[in-house]
There are 2 protein chains.
Amino acid sequence: MARVTITQVAARAGVSVASASRALNGLIASAETVAKVRDAARELGYVADATAQSLKRGRTLQLGYAVADIGNPVYVEMMAAIERVVSASGYRLLLSSTGTASSSVDVVRDLGRGYVDGLILSPLRVTDELLAALAAAPIPLVVLGRLPDSAEFDTVRADSLTAMRLVVDHLVAAGRRDIAFVNGPADTTPGGMRREGFIAAAANHRDLRTRHIDASDFTIAAGYDAALPLLDRTDRPTAVVAANDLIGVGVLRAAEDLGITVPADLAVTGVDDTELAEVVRPGLTSVDLGAKERGRAAAEMLLARIADPARPAHTVTVPPSLVVRGSSSASAPSALRRPELIDEEKAHG
Amino acid sequence: MARVTITQVAARAGVSVASASRALNGLIASAETVAKVRDAARELGYVADATAQSLKRGRTLQLGYAVADIGNPVYVEMMAAIERVVSASGYRLLLSSTGTASSSVDVVRDLGRGYVDGLILSPLRVTDELLAALAAAPIPLVVLGRLPDSAEFDTVRADSLTAMRLVVDHLVAAGRRDIAFVNGPADTTPGGMRREGFIAAAANHRDLRTRHIDASDFTIAAGYDAALPLLDRTDRPTAVVAANDLIGVGVLRAAEDLGITVPADLAVTGVDDTELAEVVRPGLTSVDLGAKERGRAAAEMLLARIADPARPAHTVTVPPSLVVRGSSSASAPSALRRPELIDEEKAHG
DNA sequence: CTGAAAGCGCTAACAT
DNA sequence: ATGTTAGCGCTTTCAG
């Protein structure tokens with residue numbers, strides 16, 4: 001089972017390696033040569049070595065996906081969507097987990113090693129160091145998430161502002177006027193954007209009482225811990241907007257333990273519309289941020305940039321859609337159809 | 001930002017490429033040479049090209065993980081565990097999704113292209129074709145899941161027999177004597193093993209009534225559809241053993257819709273102990289099959305085989321542990337501590 | 001300790 | 001249409 005090289009195939013077919021290569025790659029060659037080479041290759045069990053091809057061609061046919069936390073359902077959904085596009089285009093997908101902010105910088109720097117032709121990066125925190133590394137990146141790169149507006153990169157992002165507006169408007173329409181926002185860590189990109197969105201959305205309404213708490217993490221446990229003191233008081237809010245579904249489920253658990261009835265005494269909403277939101281009772285009203293669409297868009301954008309390195313930077317914004325469930329409404333569940341996504345070219349100059 | 005090669009570094013340092021290579025790789029070289037080369041490399045921003053190194057060294061420092069369904073929480077958990085081990089060992093992780101059985105065969109065949117140094121494969125169905133491909137694989141390979149006993153491969157597997165025994169014994173101890181098994185597709189490896197386990201476990205008890213249904217898939221929707229006709233009859237079972245948590249949640253939903261109280265009128269159990277089981281109400285009693293441990297063990301096993309290709313085939317079996325929740329018991333939740341895993345060498349000859 | 005040179009397996013000029 | 005040859009960027013003999 002030792003490695004079979006194209007030299008052996010050529011020898012067996014009685015032609016030069018060049019002819020063998022051409023025949024195998026469907027380039028110009030006589031029918032007879034093609035037949036001989038094909039046969040020889042089959043008999044020997046030849047498969048071209050990917051590394052040698054990469055070195056010669058200058059492309060690896062590999063793309064990378066770097067994400068802070070594999071295991072988070074949202075990133076998994078994106079990953080699955082990315083994998084679909086990537087493998088359909090003949091590329092392989094490389095996965096890296098970038099726990100800390102600095103390790104995502106490392107990943108970007110490491111791109112110089114040339115083991116991928118492009119990278120999709122989903123950073124949890126955007127530091128100046130990371131922006132500098134991005135600007136210096138030697139290969140195409142798409143950022144999944146919000147960047148400073150000044151940065152000219154290909155980007156796919158959710159619309160947190162609209163998302164929070166959908167949620168707040170829905171709660172206000174349902175008669176809730178005392179709304180608490182339970183965020184995750186505010187120094188993360190999603191934390192920052194959702195906070196901003198909540199504030200802007202609340203500002204649209206008169207006579208609203210709002211409060212803000214940061215859970216220590218985007219998890220059920222952190223959501224529970226943050227909600228407990230918030231809900232265990234006489235002047236507790238009548239609605240809680242959680243920054244993601246996990247926190248939202250934590251809030252539901254806290255309410256349950258405190259004997260607070262949802263939605264009668266308290267409405268709760270989440271963000272991301274994960275399977276959890278659907279499975280929990282009462283079902284958790286949530287805004288779908290379009291993880292699948294974002295993943296697909298990012299992968300397609302990366303392929304487009306690889307195909308045309310000169311094209312201007314694009315920013316695709318995936319619109320959110322509200323899915324109403326029992327945690328915020330006594331009536332039947334409903335969902336809005338997702339609007340079309342928005343693709344903008346970055347003006348140059 | 002054009003590619004910097006070792007030749008340029010050598011030129012700048014005023015040494016030969018050979019010396020530059022040696023200095024960079026910590027091989028034998030004078031302190032002065034090392035200093036000059038290091039400086040030149042830093043100034044030029046040199047990073048060694050991974051592809052060229054791979055070609056020369058004959059190793060890619062890449063490992064693959066091929067799985068039928070990314071997105072299934074269990075495989076995600078394994079993947080996360082694998083990624084941790086792999087990246088800690090200086091390897092990169094490549095992900096492939098093998099929807100169909102034949103595509104997993106393709107993945108194994110494609111290994112001849114040499115883009116990874118080893119592969120972890122988690123096949124949903126084991127066909128003769130796949131076994132043949134495995135036997136012919138040119139690189140180290142670990143199978144996550146059950147194989148025919150005759151096959152001499154490195155394998156990591158769950159102990160479905162014990163798992164089903166834990167569940168059935170628990171239900172019987174709780175006084176349930178009419179137990180239905182809602183399986184996923186029986187022609188899959190997990191489906192087959194869990195079915196077998198359920199039958200064996202039931203055989204340990206006298207006067208047990210059992211029934212078997214196959215859901216069309218390991219999903220909530222399929223579990224719901226399978227459970228509805230089973231539960232909507234006067235002689236419905238007093239307990240349902242679901243082949244995984246998703247099906248289990250489907251069963252809970254069906255019971256809910258039929259107005260059947262869990263656990264008073266019906267006990268339900270799942271398999272995998274995913275986050276879903278914890279979050280659902282009542283909590284779903286489930287057997288943890290040790291996805292994380294299996295992932296870690298598989299990755300370590302693969303690295304061990306790469307380090308020593310001659311070592312005998314190992315089979316690691318990860319023991320299950322039962323986590324009792326409200327869906328099968330009115331009393332407080334409880335979990336057994338996980339026993340140690342079992343590592344056997346395959347006898348040769 | 002260092003440099004020259006070979007060569008990993010393949011593709012792409014270039015010449016025929 | 002085919003063969004010869006160079007070379008992708010690197011590591012590793014082999015002389016010196």
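Numbered from 1 within each chain, the chains take letters A, B, ... in sequence-line order.
- Backbone-only engagement by B/Ala29 is indicated by non-hydrogen atom pairs under 4.0 Å involving sugar-phosphate atoms exclusively.
- Distance alone, capped at 3.5 Å, places no donor-acceptor pair between the B/Ser103 side chain and the B/Asp106 backbone.
- More than 12 heavy-atom neighbours from other residues, nucleotides or ligands sit within 6.0 angstrom of CG on B/Asp308.
- By the 4.0 Å N-to-carboxylate-O rule, B/Lys36 lies too far from B/Asp39 to be salt-bridged with it.
- With a heavy-atom cut-off of 4.0 Å to chain A, the contacted part of DNA chain C has its first and last nucleotide at C/dG9 to C/dA13.
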Review item, nucleotides 6-9 of chain D N/O atoms under 3.5 Å of protein N/O:
residue : atom : partner : partner atom : Å
D/dG7   : N2   : A/Lys56 : NZ           : 2.9
D/dG7   : N3   : A/Lys56 : NZ           : 3.4

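- Taking a 6.0 Å sphere around CZ of B/Arg59, one finds it holds 12 or fewer heavy atoms contributed by other residues, nucleotides or ligands.
- Residue contacts for A/Ser54: at a heavy-atom cut-off of 4.0 Å it reaches no nucleic acid atom on any strand shown.
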Exercise for the section: Decide yes or no on side-chain contact (heavy atoms from CB on, under 4.5 Å) for B/Leu63 and B/Val116, but give the supporting numbers first. Expected result: CA-CA 5 Å; B/Leu63 300 179; B/Val116 287; 5.6 Å; no
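- Atoms CZ (B/Arg22) and P (D/dC10) sit 15 Å apart, rounded to a whole Å.
- Side-chain contact between A/Thr60 and B/Tyr115: absent, with no pair of heavy atoms (C-beta onward) separated by less than 4.5 Å.
- Each of B/Ile120, B/Leu302, B/Val67 was compared with B/Ile82 under the side-chain contact (heavy atoms from CB on, under 4.5 Å) criterion, and only B/Ile120 meets it.
- A 6.0 Å sphere centred on CZ of A/Arg113 holds more than 12 heavy atoms belonging to other residues, nucleotides or ligands.
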